[in-house]
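Within every chain, numbering begins at 1; the chains are lettered A, B, ... in the order of the sequence lines, protein sequences first and strands thereafter.
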Amino acid sequence: MPVPRQAEKLLHILNKTTTASLSQAHQAHAHLLKTGISSVPRHTTKLLSLYANHQCFSDAESLLNSFSGPDLFAFSTLIYAYTKFNEFKRTLKLFSEMFCDGLFPDAHILPSVIKACSGLSVLEIGKQVHGFGLTCGLTLDSFVESSLIHFYVKCNELVDAHKVFDNMVERDMVSWSALAAGYARKGDVVSAKKVFEEGKKLGFEPNSVSWNGMIAGFNQSGCFVDAVLMFHEMHLCGFKSDGTSISSVLPAIGDLRDLYIGIQVHGHVIKMGFGVDKCIVSALIDMYSKCECAPEISQVFEEMDLVDLGACNALISGLSRNGLVDKALNIFKEFQGQRMELNVVSWTSMIACCSQHGKDIEALELFRSMQVAGVKPNSVTIPCVLPACGNVAALTHGKAAHCFSLRREFFDDVYVGSAMIDMYANCGQIQIARCCFDRMPVRNVVSWNAMMGGYAMHGMAKEAIQIFHQMQQSGQKPDIVSFTSLLSACSQSGLTDEGHRYFESMSRDYGIEARVEHYACIVSLLGRAGKLEEAYSIIRKMSFEPDACVWGALLSSCRVHHNLSLGEVAAKKLFELEPHNPGNYILLSNIYASKGKWNEMDKVRNIMRGKGLRKNPGCSWIEVKYKVHMLLAGDKSLPQMAQIMNKLNELSMEMKKSGYLPHTGFVLQDVEEQEKEHILCGHSEKLAVVFGILNTNAGSPLRVIKNLRICGDCHAVIKFIATFEKREIYVRDTNRFHHFKDGECSCGDYWTSDPRTSLFESLNESTLSVELVTKDFLIPEHLASNYQLIC
DNA sequence: ATAGGGTTAG
């Protein structure tokens, strides 16, 4: 074939830079090299553009490097392409390389560069680009300026956006709508509409992009009603909604829980044939899930013809939102089985779903599998997995997530930091929690509440109060949650007067109406101080129905202070509200036991048994042994010792017959209410679990307790057990070994060198949060050498 | 070869 004809064909291919296929591009490339006309930059740039349009960026870059000298046109071509395909980091990298190559960019590529800055939200770099344009005397036309307005809007710098707008010599429709959308994003409905209308008056008719920008802007600022109204107005003005406007308005409809409008829009979607649009399908699923329409979520997904990851993710999170955790997990596994390329959003949604629904171990396992699958967690994943670490006291995992966040440089993220505080507090590491808190560059109300809640959980009321005051000095207004933490801290530390004052100032000074959880705190606060009548009168003055937590707080206090009459009132309410909660029956029978009213106590126990609630007679054992303990402690108001001892024997026979071991949970009650030892961190029910497991596991040759949840300082808790039970105990928590004997204890952290504790290597093993090993029992072989060392 | 709008995870 003669060369001229081939060259002609080649040029024809190169001219079709958007439609030519990749193989044609390769052919053309080969031909350029063969014929030597690759020295003509015009052809090479065409080829470069062809590669760029096929997103063959490595080919494009190598072509760029093959130029004999720096070529402005070639650089610009690739920069446009990078921005076009959302490869913003590459855009900026190439832009800076231009300067290194001694090239001076012209104003034409600035919009692409600025758009990349918007996409990455890199304010400082964008400002530099802007400054470069101004100082180097480039002509910033309305194209450049409009992209600058959008950039500043995106970076939440509305003032700067406005400055650019004000200085414009010639404005066009894009500049007006970009500014209006900026006001919409800020939630300034009035200004947004004003600018939008002003542009219209000057003859700049909004197009669909302008309308959609407004809808998206209102959505962003939470002005959902305005977003929906804008959508409506758009139709009134004769504009037909396109895919973008529908996928923008659907989240707003979902947040408004307006199923009526949602169904109308769904109908519109079907009528207009938008059902194939990925974003719309995802948004529809999301809308139905927010409106709590579980069947419709799956229906929309199944009716969809395409397989789209976004829609799959929306499905998973939608099912999760509606509490269908197992279904979400099954579908997730199904997707995996289909070898679908799940992304970070899919994994994060699934992790969030598990950790929000009590499936902590599953969440941790997913976090590990995610990394095995090669998907990198991001700053959203971390706050989803951390609560799971905290719940099972998996400190090692939490620390690993901490290190991971530091390495990936999203530790400054306010969500990451707040979740970290919460995790450390839950794992008993209140000091580390405080360090995380102190190092946060930006805090929000969640961060402050996390710190306060941590202190409350650890019974450190003074510190919690201090944080509360610091919070206000910093200008952060407390919210409902802040007061819950504050009041519970006061309640647990017996700061009755302070707690009462905060409770009263809540609505008076802060305009926050007390909710049921605050009433539960204040009842418990007064109750602990023995002010039972006062607590009851607060309950009676409540403007809404008290719930089980409130009555439960009263009943617990009545048990502590042996107040039978109020205890019976509270118990009666509780039996109605939670007929199947054994705790209430136990509390009441406790009070009867303390008064020596054995018949009444038996009656309550029989009701409980009648309901099939708890066959373990251990609960009665607690009551009696508790009384014995009190008697020995010198409470002479109790009935006769002999009577109690008889009952005790009777019960213990009964227990043995049923094959139960004595339950030592009563110890906690003594410590918490009487000795005011806050080593137990105010979570007696969790510690009761400790004792419960201890006893139920007593028959096993190795006392290993899996997934034991200790809230607070494990060391102190076990020390307490060792002292009380007068025995030697070895304890392994996630990273330390503790040895308790005769009130003395020694710690070793050799466990950290135990390969079993290294992250993700054997997750099933390392989810053991605490292991208790008593001396009478065998030590597993592979740990024996360590054991010798310690002994 | 240039600018402005969309879904799903905390």
Rounded off to whole Å, could you give me the [atom1]-to-[atom2] distance for the [X] and [N] pair?
X	N	atom1	atom2	value
A:Y183	B:dG5	OH	C1'	20 Å
A:L179	B:dG5	CG	P	14 Å
A:F231	B:dG5	CZ	P	19 Å
A:F239	B:dG5	CZ	C1'	13 Å
A:W347	B:dT8	CH2	C1'	17 Å
A:I114	B:dA1	CD1	P	21 Å
A:N207	B:dG6	CG	P	14 Å
A:N444	B:dG10	CG	P	15 Å

Which nucleotide sits closest to the side chain of [X]: [options]?
X	options	result
A:C279	B:dG10, B:dG6, B:dG5	B:dG6
A:H150	B:dG5, B:dA1, B:dG6	B:dG5
A:D286	B:dT8, B:dT2, B:dG6	B:dT8
A:S112	B:dA3, B:dA1, B:dG6	B:dA3
A:Q356	B:dA3, B:dA9, B:dG10	B:dG10
A:S76	B:dG4, B:dA1, B:dA9	B:dA1
A:T244	B:dG5, B:dT7, B:dA3	B:dG5
A:I280	B:dG6, B:dT7, B:dA1	B:dG6

Review point. Using 4.0 Å as the upper bound for N to carboxylate O, is an ion pair formed by A:E198 and A:K201?
Key: no
Point to revise | Salt bridge present between A:D413 and A:R408 (N-O < 4.0 angstrom) | key: no
Review point. Shortest non-hydrogen contact from A:G398 to A:C389?
Key: N-SG, 3.7 Å
Point to revise | Nearest atoms (heavy-atom pairs only) where A:S245 meets A:M234 | key: OG-CE, 3.8 Å
Just call it for [X]: base, sugar-phosphate, or nothing, with non-hydrogen atoms closer than 4.0 Å on any strand.
X	value
A:T77	nothing
A:S379	base
A:S349	sugar-phosphate
A:D242	base
A:L315	nothing
A:R185	nothing
A:M214	nothing
A:D413	base
A:N378	base

Check your understanding: According to the interplanar angle, ranging from 0 to 90°, do the rings of A:F335 and A:F301 count as parallel (below 30°), tilted (30 to 60°) or perpendicular (above 60°)?
Key -> tilted
Review point. Using a distance-only test with no angle check, is there a side-chain donor-acceptor pair under 3.5 angstrom linking A:N212 and A:S248?
Key: no
Check your understanding: Cut-off 3.5 Å, side chains only: do A:N156 and A:K186 have a donor facing an acceptor?
Key -> no
**Study point:** Short side-chain N/O contact from A:K115 to OP1 or OP2 of B:dG4, under 4.0 Å
**Key:** yes
Check your understanding: Between A:R321 and B:dA9, does any side-chain N or O lie under 4.0 Å from OP1 or OP2?
Key -> yes
Review point. Checking only heavy atoms, does the side chain of A:S248 share a donor-acceptor pair with the base of B:dG6 at less than 3.5 Å?
Key: no
Review point. Any N or O donor-acceptor pair linking the side chain of A:D277 to the base of B:dG6 at under 3.5 Å?
Key: yes
Review point. Ring-on-base stacking between A:F143 and B:dA3, under 5.5 Å between centres and under 30° between planes: is it there?
Key: yes
